[in-house]
> 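Below: one structure in structure tokens.
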Amino acid sequence: MKTVSAQMLKKRIDSIDIMRGIVMLIMLLDHVRERFFFHEQVTDPMTLDSTSTGLFISRFAAHFCAPTFVFLTGVSAWLYSHPQFGPERSARSFLIKRGLFIIALECTVITFQWMGNYDMIWLQVMWAIGISMLALALLIGLPRFWLGVIGLVIVFGHNALTPISFAPGEWGYTIWAILHDRGNIFTSDFVGIRASYPVLPWIGVILLGYVIAPIYAASFDDVKRHKILIGLGLVSFALFAILRGFNIYGETLDWQQGDSVIMTLKSIFNLTKYPPSLGFLLVTIGGTLLCLSMLEKVKPQYGKVLSTFGSAPMFFYIVHLYLLLFMYRFAVNVIGPNYGELYGFTHIGWVWVVTIVLAVLLYYPTKRFSQYKHQSKQVWIKYL
């Protein structure tokens with residue numbers, strides 16, 4: 001029975017890694033787009049008249065990355081504190097240390113990867129994950145019921161805060177730029193700091209991930225877990241259909257009927273990411289839950305490649321950004337700019353082609369690092 005339980009738990013954990021692997025590859029697609037299709041930059045939400053369908057689909061797919069990462073971070077925190085074998089342990093210390101480590105990486109290694117300099121420190125998705133981990137560490141002692149209540153209130157209620165705003169220099173501007181609105185929170189002659197990922201909604205997401213995580217316990221019934229995942233996913237989609245369909249609440253712009261079915265669908269799914277609207281989170285988290293319900297049925301030989309990418313996400317994240325920086329600098333200096341000062345692909349299709357090539361090239365290094373990470377007894381390597 002112990003062997004069966006171990007195998008069942010491995011399938012559950014593998015499904016989480018496969019889910020991470022899927023969004024890692026989607027993230028790679030989005031970052032190739034940002035490097036080599038920046039001349040057709042997208043707004044938030046997107047300007048539909050100037051955004052081709054291919055570009056819209058590419059950007060919309062990337063919407064699933066951050067919510068899945070943050071949600072699964074909450075799940076992983078619960079699994080850390082409730083190991084299959086041995087006594088329960090607090091995840092607070094680990095969350096604090098890893099959260100601070102991720103924030104430090106964002107401000108140093110990752111900031112340089114984006115711009116090739118430190119003129120501006122960009123507080124982006126890693127910052128949001130790090131802050132969310134610190135928030136979870138602060139609240140982790142509360143009963144799961146209250147963690148769930150707080151998470152739901154944040155996710156469902158933060159859109160009601162949209163009318164609140166502060167101008168630069170006003171009292172409250174800096175903290176509000178960090179929590180709910182994007183903005184520069186520090187400027188000087190040498191360096192600036194910009195909060196690009198408002199963290200308040202992401203705190204709600206990580207709390208909900210932690211609250212739902214017990215369904216991944218070894219003793220939890222498979223059928224019941226699948227029903228919960230499917231049920232919550234469908235409820236999320238149903239709420240989106242009602243709230244978005246009737247333009248009731250949860251999005252900054254009402255959808256409009258277009259001159260074609262495609263344009264109407266694009267308007268409906270033209271969702272706000274900064275900060276992530278309720279509609280944005282209902283679609284992305286709902287989709288993640290439904291995918292997780294199906295991934296445990298994937299045969300190991302088919303899910304192995306994806307789970308490899310998902311088993312070493314930080315390594316893949318850092319390596320692929322430096323590779324893209326090098327590739328772009330090479331293109332600009334050797335091939336030469338072709339869109340003003342920028343170099344860019346002439347068609348969005350090339351973004352997909354390069355993404356596939358890079359995924360193949362990065363698979364083996366990621367696999368080797370994943371094996372090393374799991375075999376190593378060094379504590380620091382676990383943070384990657």
Side-chain angles (χ1 to χ4, degrees), residues 23 26-27 29-30 33-34 37-68 125 128 152-165 167 176-177 179-183 196-198 200-202 204-205 232-291 339 344-349 351-352:
V23 296
I26 296 174
M27 177 199 67
L29 170 71
D30 195 49
R33 177 194 64 80
E34 289 193 325
F37 218 68
F38 198 75
H39 54 283
E40 291 193 24
Q41 182 62 290
V42 294
T43 55
D44 179 54
M46 289 177 266
T47 304
L48 298 182
D49 291 340
S50 58
T51 305
S52 67
T53 299
L55 180 56
F56 182 92
I57 293 173
S58 300
R59 180 55 178 162
F60 179 78
H63 284 348
F64 287 83
C65 297
T68 302
V125 64
L152 288 172
V153 168
I154 292 174
V155 168
F156 279 81
H158 83 90
N159 271 109
L161 304 175
T162 300
I164 301 174
S165 63
W176 200 239
L179 289 175
H180 199 266
D181 292 346
R182 310 167 83 186
S196 295
Y197 262 73
L200 180 60
W202 300 117
V205 172
L232 290 176
L234 293 178
V235 166
S236 297
F237 284 170
L239 286 174
F240 174 80
I242 295 170
L243 296 176
R244 184 62 168 156
F246 294 98
N247 286 324
I248 297 173
Y249 173 77
E251 189 49 62
T252 56
L253 293 178
D254 291 347
W255 68 273
Q256 305 290 332
Q257 185 171 352
D259 54 9
S260 67
V261 174
I262 294 296
M263 287 301 295
T264 300
L265 289 174
K266 286 166 65 175
S267 182
I268 293 172
F269 290 99
N270 190 22
L271 308 173
T272 305
K273 183 177 181 179
Y274 305 105
S277 66
L278 174 59
F280 179 99
L281 293 175
L282 287 173
V283 168
T284 54
I285 298 299
T288 296
L289 293 170
L290 292 176
C291 283
Y339 289 96
F345 297 146
T346 57
H347 191 277
I348 189 66
V351 172
W352 288 78

> Report the residues that fulfil side-chain contact (heavy atoms from CB on, under 4.5 Å) with Ser50, sequence neighbours left out, ordered by chain and then residue number.
Thr47
> Using the test ring-ring contact (aromatic ring centres under 6.0 Å, His included), find all partners of His63 that sit at least two apart in sequence or belong to another chain.
Phe60, Phe280
> So Leu281 and Phe240, do their side chains get closer than 4.5 Å, heavy atoms only?
no
> Looking at Phe156, is its backbone amide N or carbonyl O close enough to the side chain of Tyr249 to form a donor-acceptor pair, meaning the two atoms are under 3.5 Å apart?
yes
> Determine whether more than 12 heavy atoms belonging to other residues, nucleotides or ligands lie under 6.0 Å from atom CZ of Phe38.
no
> Using modelled atom types only, decide if a donor and an acceptor are shared between the side chain of Trp255 and the backbone of Gly245 within a distance under 3.5 Å.
yes
> Is a side-chain donor or acceptor of Thr51 paired with a backbone partner of Phe56 at a separation under 3.5 angstrom?
no
> To check you understand the geometry: which heavy-atom pair defines the closest contact between Gly250 and Ser277, and what is its length?
O-CB, 3.1 Å
> With a 4.5 Å heavy-atom cut-off, do Glu40 and Leu55 have their side chains touching?
yes
> Determine the minimum heavy-atom distance between Leu253 and Pro45, stating which atoms define it.
CD1-CG, 3.5 Å
> Could you report the tightest heavy-atom contact between Pro67 and Val205, atom names first, then the distance?
O-CG1, 3.9 Å
> Determine whether Val155 and Ile285 make a side-chain contact, defined as any pair of heavy atoms from C-beta on separated by less than 4.5 Å.
no
> Dump the intermediate steps for side-chain contact (heavy atoms from CB on, under 4.5 Å) on Phe37 and Val42, then the final yes or no.
CA-CA 10 Å; Phe37 218 68; Val42 294; over 6 Å; no
> Under a 3.5 Å distance rule, please check whether Thr264 uses its side chain to pair with a backbone N or O of Gly258 as donor and acceptor.
yes
> Can you give me the closest heavy-atom contact between Phe64 and Gly287, atom names plus distance?
CE2-CA, 4.2 Å
> For Ser58, run the side-chain contact (heavy atoms from CB on, under 4.5 Å) check against Val351, Thr53, Ile348 and tell me which one passes.
Ile348
> Looking only at heavy atoms, which two atoms of Ser236 and Gly286 are closest? And how far apart?
CB-CA, 3.7 Å
> So, applying side-chain contact (heavy atoms from CB on, under 4.5 Å) with Asp44, which one of Asn270, Thr272, Leu271 is it?
Thr272
> Taking the side chain as every heavy atom from C-beta outward, state whether Trp176 and Leu161 have any pair of such atoms under 4.5 Å apart.
yes
> Roughly how far, to the nearest 0.5 Å, is CZ of Arg33 from CE of Met27?
13.0 Å
> To the nearest 0.5 Å, tell me how far Leu234 CG sits from Leu290 CG.
5.5 Å
> Can you tell if the side chain of Leu200 reaches within under 4.5 Å of the side chain of Ile154, non-hydrogen atoms only?
yes
> Between Ala66 and Trp202, which heavy-atom pair has the shortest distance, and what is it?
CB-CH2, 3.7 Å
> Ignoring hydrogens and angles, tell me if any N or O in the side chain of Ser267 forms a donor-acceptor pair with the backbone of Met263 under 3.5 Å.
no
> Would you say Asn159 and Glu251 make side-chain contact, with heavy atoms under 4.5 Å?
no
> Under 4.5 Å between any side-chain heavy atoms of Asn247 and Arg244, yes or no?
yes
> Using the salt bridge (Lys or Arg N to Asp or Glu O under 4.0 Å) criterion, which residues pair with Arg59? Sequence neighbours excluded.
Asp30
> Using 30° and 60° as the class limits, which term best fits the ring planes of Tyr274 and Tyr197: parallel, tilted or perpendicular?
perpendicular
> Indicate yes or no: at least one non-hydrogen side-chain atom of Phe269 is less than 4.5 angstrom from one of Ile57.
no
